[in-house]
Amino acid sequence: MNEELSEQEEDYNPLEGFKNTFKNFEWGISLSVGGYLFLIFLGISYNFFYFMIFRINIFLFSEINDFLMAPLANPLVIVLGLLSVSLLFVLYYLGFLWMKKHFKSYQIFYRVVMMGRKVDKKKIGKYMKSPFYIGFSVLLYLFVTAQYYAIYRSSKTSHDKNLYHYKLSLDKDVIINTDSLVYIGDNSSHYFLFDTLKREATVIPKEQVKFVRIIKNPKGRLL
């Protein structure tokens, strides 16, 4: 009897538990509410890291609608996040198959990564079957992905490699010198600029901006 149970555990797919948990909810509710919260988390994470690189706490200048619109404001972040999650699931499943069919080589890899920690096959299998563990891993992975993409985008902005420039027309009594200011983003109520010479950020209320010119950069890149 115990041997039969152990064989069933060996053949168990770790993603099955996640699927079974997901099936307990109505598809419409889980996909609309849960999916949109997932996208909001990804959009807010990206905005936080991106603006923090320029020393701006975006939460101090944001409203509720800015958080709700975060996924639509950064669609490329969402696309890259979903693609990377798909890759994560593939790697996760391949890791499970590796542990199941070639445990000796997996054991060596695990001990190297975990700095000599012993491998408990049952304990690892238990974690890999848990839908909560899978969900937490996905959120953590997206959190890290958003951070690195924010670093990449901020580097492009600082070094003038974006495809488009945004030039703001301001009153002289608001800002005297605008030559060294770089547009880094905006939300529903503010424009955010960064002085590349002084290395300091400037936050401009939208009502103080006359108009915005969009200029194409011949040397810039979209991605």
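Numbers here are sequence positions counted from 1. What's counted below: heavy atoms across the whole structure, side chains too, no hydrogens, waters or symmetry copies. Quick caveat: nothing in here was measured; it's all calculated off a predicted structure.
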Going by atom type alone, with no hydrogens or angles, which donor-acceptor pairs under 3.5 Å involve a side-chain atom of residues 216-223 and a protein atom two or more places apart or on another chain?
| from | atom 1 | to | atom 2 | distance (Å) |
| --- | --- | --- | --- | --- |
| Asn217 | OD1 | Lys219 | N | 3.2 |
| Asn217 | ND2 | Asp160 | O | 3.3 |
| Asn217 | ND2 | Asn162 | O | 3.2 |

From Ser189 OG over to Glu207 CD, what is the distance, rounded to the nearest 0.5 angstrom?
8.0 Å

Residue pairs fulfilling salt bridge (charged side-chain N to carboxylate O under 4.0 Å, His left out) with at least one residue in residues 60-82, sequence neighbours excluded:
none

Who passes salt bridge (Lys or Arg N to Asp or Glu O under 4.0 Å) against Lys156, sequence neighbours left out?
none

Any chance you could measure Thr157, atom OG1, to Ile53, atom CD1, to the nearest 0.5 Å?
9.5 Å

State the CG-CZ distance between Leu168 and Arg213, to the nearest 0.5 angstrom.
9.5 Å

Can you list everything that forms a ring-ring contact (aromatic ring centres under 6.0 Å, His included) with Tyr183? Sequence neighbours excluded, please.
Tyr166

Side chain Ser62, main chain Ile58, donor-acceptor under 3.5 Å:
yes

Following the transitive rule for hydrophobic clusters with a side-chain heavy-atom cut-off under 4.5 Å over Ile, Leu, Val, Met, Phe, Trp and Tyr, establish whether Leu83 and Leu139 coincide in one cluster.
no

Who passes side-chain contact (heavy atoms from CB on, under 4.5 Å) against Phe61, sequence neighbours left out?
Ile56, Asn187, His190, Phe192, Val203

Taking atom CD1 of Ile64 as the centre, does the number of heavy atoms from other residues, nucleotides or ligands within less than 6.0 Å exceed 12?
no

Partner set under ring-ring contact (aromatic ring centres under 6.0 Å, His included) for Tyr164, not counting sequence neighbours
none

For the OG atom of Ser45 and the CZ atom of Phe143, what is their distance to the nearest 0.5 Å?
5.0 Å

Work out which heavy atom in Ala146 is nearest to a heavy atom in Phe49; give both atom names and the distance.
C-CD1, 4.4 Å

For the atom pair CG (Asn47) and CG (Asn74), what is the distance rounded to the nearest 0.5 Å?
5.0 Å

Those residues that, when tested against Met69, pass side-chain contact (heavy atoms from CB on, under 4.5 Å) (two or more places apart)
Leu72

Donor-acceptor contact present, side-chain Ser154 to main-chain Ile151, <3.5 Å:
yes

side-chain contact (heavy atoms from CB on, under 4.5 Å) filter on Ile40, not counting sequence neighbours, yields Tyr36, Ile44, Leu68, Pro71

Rest of the hydrophobic cluster containing Ile215 (Ile/Leu/Val/Met/Phe/Trp/Tyr, side-chain heavy atoms under 4.5 Å)?
none

Using a side-chain heavy atom cutoff under 4.5 Å and only I, L, V, M, F, W and Y, what cluster partners does Val144 have?
Tyr148

How long is the gap from CZ on Phe48 to CD on Gln147, to the nearest 0.5 Å?
9.0 Å

One pair to check against side-chain contact (heavy atoms from CB on, under 4.5 Å): Arg199 and Phe194. What are the steps and the verdict?
CA-CA 7 Å; Arg199 309 301 298 176; Phe194 188 75; 3.7 Å; yes

Applying ring-ring contact (aromatic ring centres under 6.0 Å, His included), can you list everything that pairs with Tyr50, at least two apart in sequence or on another chain?
Tyr46, Phe54

Do you know the tightest heavy-atom contact between Lys206 and Asp186?
NZ-OD2, 3.3 Å

Which residues satisfy the ring-ring contact (aromatic ring centres under 6.0 Å, His included) test with Phe38, sequence neighbours excluded?
none

Run the side-chain contact (heavy atoms from CB on, under 4.5 Å) test on Val77 and Leu42 for me, step by step, so that the C-alpha distance in whole Å, both residues' side-chain angles and the decisive distance to 0.1 Å come before the verdict.
CA-CA 8 Å; Val77 179; Leu42 182 58; 4.1 Å; yes

Hey, mind stepping through Ile204 and Val209 against side-chain contact (heavy atoms from CB on, under 4.5 Å) and telling me if it holds?
CA-CA 8 Å; Ile204 305 295; Val209 177; 3.8 Å; yes

